[in-house]
Amino acid sequence: MLKEYFTIKEVFGPLVLVGQVSGASYEELVELELPDGQIRRGRVLELSQDTALIQLFEGAEGVNIYKSKVRFLGRGIEIGVSPDILGRIFDGLGNPIDDGPAIIPERRLDINGLPINPYARDYPSEFIQTGISAIDGLNTLVRGQKLPIFSGAGLPHAQIAAQIARQARVLGKEETFAVVFGAMGITFEEANFFMSDFRRTGAIERAVLFVNLADDPAIERIATPRLVFTTAEYLAFHLGMHVLVILTDMTNYCESLREVSAARREIPGRRGYPGYMYTDLATMYERAGRIKEKKGSITQIPILTMPEDDKTHPIPDLTGYITEGQIILSRELHRKGIYPPIDVLPSLSRLRDKGIGEGRTREDHSDLSNQLFSAYAQGKEARELSIILGETALSEMDRLYYKFADKFEAEYVQQGQYENRSIEQTLELGWKLLSMLPKGELKRVRQEFINKYIGS
């Protein structure tokens, strides 16, 4: 028999303070019943002696502190999982919203999992092909990696996320590959785009979607990524699948953290975000990776929109400390009509060299990408000089690099939203662009590769 309490002391924002509580535990699920019989769900956020602070998912509007009663359910938030969850769409709390049948769970898992023990981690070393040249060729994604996309308001991160989800695969192996997609605080139009795109392209068959809309309770957003990772862990480490986790938008998640922190009257940190935001993000991001002697893996691409395109904002800043690099989208490239507008120079994949080369992609991959980086950087410098001094002031070589930068953006970075380039196509395109330059300028590529892919 569950204990019922009529001892609500105070209600502020989405939080309810209940007194004379015994036997409750942190993160325990709670039901709050209003006088009219309506049920609100929540979880225990804090315990102090005989007082429990409860965070309501649906908000506290209409709660009568004298007539409402609270029940503690003796368990945390759980999700029922089975192989049947593939191809399904859920809301931000794990309830099916695709008109499909109820999931008959093989097991029920608490969503508050733990980061992978560093000692148990296996080193990421296998290339994942996304079909996007600016990622595959220059900022390579490796199985088990955490590689965020830093975007901005109005940039096409939703289209890029959907493209990666459709096209991502592991080369050379017949392995089961799945995508777990979590959307937090997105509009109905965005949600409809993702759901219809996954269905239309057939990607839904190997995907699980969790969708939290902008008009859903902000508190629900805090649970959504944890549901995503719990599902990914089940698919990866129980069913042996290789899972790609895509989360959008982590900025909305962090805004929810700030909202709850303000309601709790905590001392704010930088820009009003709670001081524990780094720890909170790390406990989620570090649930991705590979585990020794386990077949499956979790690779993660969190997407966040940088407020005012500011890379030093706390959300991208803290994310960059935890993850292994970042893909940065450029507003300048977007204005030029280039898709995907990936700014390859400030972007970085710290594990790139572990996932490329002979036996993984191709023996020339590392040299080629280094040379492309160098040539594009020189081309952008020449472009900036032409703005200041005029194009006539450039040397002949500067003009050649200027032309290279334009062609690099138009042919290498630019590609169709449904264009899936193989790694061989990406590498050949890179050599084609380098052939514009004199061979004496190709100082980052071994001569044997120049002879093989350009000619002697």
Side-chain angles (χ1 to χ4, degrees), residues 76-90 94 103 105-130 140-148 161 164-183 198 203-210 223-248 250 281-303 322-324 349 351 354-355 360:
I77 303 175
E78 296 177 335
I79 182 170
V81 292
S82 80
D84 296 334
I85 60 175
L86 284 169
R88 300 299 303 275
I89 303 173
F90 303 89
I103 299 292
E106 183 182 88
R107 60 178 70 197
R108 300 196 68 85
L109 301 175
D110 191 311
I111 69 168
N112 296 297
L114 295 173
I116 297 175
N117 186 326
Y119 182 76
R121 281 185 180 274
D122 203 358
Y123 204 87
S125 62
E126 293 163 289
F127 169 71
I128 292 179
Q129 180 176 288
T130 66
T140 310
L141 180 64
V142 179
R143 183 189 289 175
Q145 184 177 7
K146 305 176 287 292
L147 188 63
I164 292 172
R166 282 195 308 271
Q167 298 176 179
R169 65 190 187 95
V170 178
L171 292 183
K173 298 183 179 180
E174 291 298 321
E175 294 176 329
T176 314
F177 197 85
V179 175
V180 183
F181 189 94
F198 273 66
I204 190 70
E205 293 176 10
R206 57 169 188 154
V208 186
L209 277 68
F210 292 88
T224 303
R226 291 172 170 81
L227 286 163
V228 168
F229 280 111
T230 304
T231 302
E233 287 164 351
Y234 168 74
L235 295 174
F237 305 130
H238 291 282
L239 300 186
M241 302 175 78
H242 295 288
V243 182
L244 176 64
V245 169
I246 300 176
L247 293 169
T248 182
M250 291 305 296
L281 290 173
T283 56
M284 288 193 301
Y285 289 150
E286 294 295 344
R287 289 173 74 173
R290 303 186 64 191
I291 297 178
K292 292 174 184 173
E293 299 177 3
K294 292 271 189 182
K295 183 183 174 185
S297 64
I298 300 175
T299 306
Q300 181 186 164
I301 301 181
I303 298 168
I322 302 164
T323 55
E324 293 113 7
S349 171
L351 299 180
K354 305 299 179 185
R360 295 189 176 93

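Computed over heavy atoms, backbone and side chain alike; hydrogens, waters and symmetry mates excluded.
Tyr234 OH to Ile79 CD1: the interatomic distance, rounded to the nearest 0.5 Å, is 11.0 Å. In this structure, Thr231 OG1 and Leu209 CG are separated by 11.0 Å, a value rounded to the nearest 0.5 Å. Here Gln129 contributes atom CD and Thr140 contributes atom OG1; the two are 11.0 Å apart, rounded to the nearest 0.5 Å. Taking CZ from Phe229 and CG from Leu247, the interatomic distance works out to 5.0 Å, rounded to the nearest 0.5 Å. Residue Glu126 holds its CD atom at 14.5 Å from NZ of Lys354, rounded to the nearest 0.5 Å. Taken to the nearest 0.5 Å, the CZ atom of Arg206 stands 8.0 Å off from the CG atom of Leu244.
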With side chain to side chain contact (heavy atoms under 4.5 Å, CB included) as the test, would you mind laying out the steps for Arg287 and Val245 before giving the verdict? CA-CA 11 Å; Arg287 289 173 74 173; Val245 169; over 6 Å; no
Please determine whether side chain to side chain contact (heavy atoms under 4.5 Å, CB included) holds for the pair Glu106 and Val81, giving the CA-CA distance in whole Å, both sets of side-chain angles, and the decisive distance to 0.1 Å. CA-CA 6 Å; Glu106 183 182 88; Val81 292; 5.7 Å; no
CA sep, side-chain torsions, deciding dist, call: Ile204, Ile89, side chain to side chain contact (heavy atoms under 4.5 Å, CB included): CA-CA 9 Å; Ile204 190 70; Ile89 303 173; 4.1 Å; yes
Check step by step if side chain to side chain contact (heavy atoms under 4.5 Å, CB included) holds for Glu233 and Leu109. CA-CA 10 Å; Glu233 287 164 351; Leu109 301 175; over 6 Å; no
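The shortest non-hydrogen separation linking Ile303 to Ala161 is CD1-CB, 3.3 Å. For the pair Val142 and Ser125, the tightest heavy-atom approach, listed with the atom from each and the gap, is CG1-N, 3.4 Å. Closest approach of Phe237 and Gly296 over heavy atoms only: CE2-O, 3.8 Å. Thr299 and Gly144 get closest at one heavy-atom pair: OG1-N, 2.7 Å. The two residues Ala165 and Val179 have their closest heavy-atom pair at O-CG2, 3.7 Å. Between Gly80 and Ile103, the shortest heavy-atom contact is O-CG2, 4.1 Å.
In this structure a side-chain-to-backbone donor-acceptor pair under 3.5 Å is missing from Arg290 to Gln145. Of the possible polar contacts, none joining the Glu205 side chain to the Gly87 backbone as a donor-acceptor pair under 3.5 Å is found. Remark: side-chain polar atoms of Ser349 are not paired, donor with acceptor, to backbone N or O of Leu141 under 3.5 angstrom. Side chain of Lys292 to backbone of Tyr119: a donor-acceptor contact under 3.5 angstrom is found.
Here Ala183 pairs with Phe181, Ile186, Thr248 under the side chain to side chain contact (heavy atoms under 4.5 Å, CB included) rule; sequence neighbours left out. For the salt bridge (Lys or Arg N to Asp or Glu O under 4.0 Å) test, residues two or more places apart in sequence or in another chain that qualify with Arg121 are Glu286.
Under the 4.5 Å side-chain criterion, counting only non-hydrogen atoms from C-beta, Ser297 is in contact with His242.
Applying the side chain to side chain contact (heavy atoms under 4.5 Å, CB included) test between Leu227 and each of Val208, Ile111, Val180 identifies Ile111 as the sole match.
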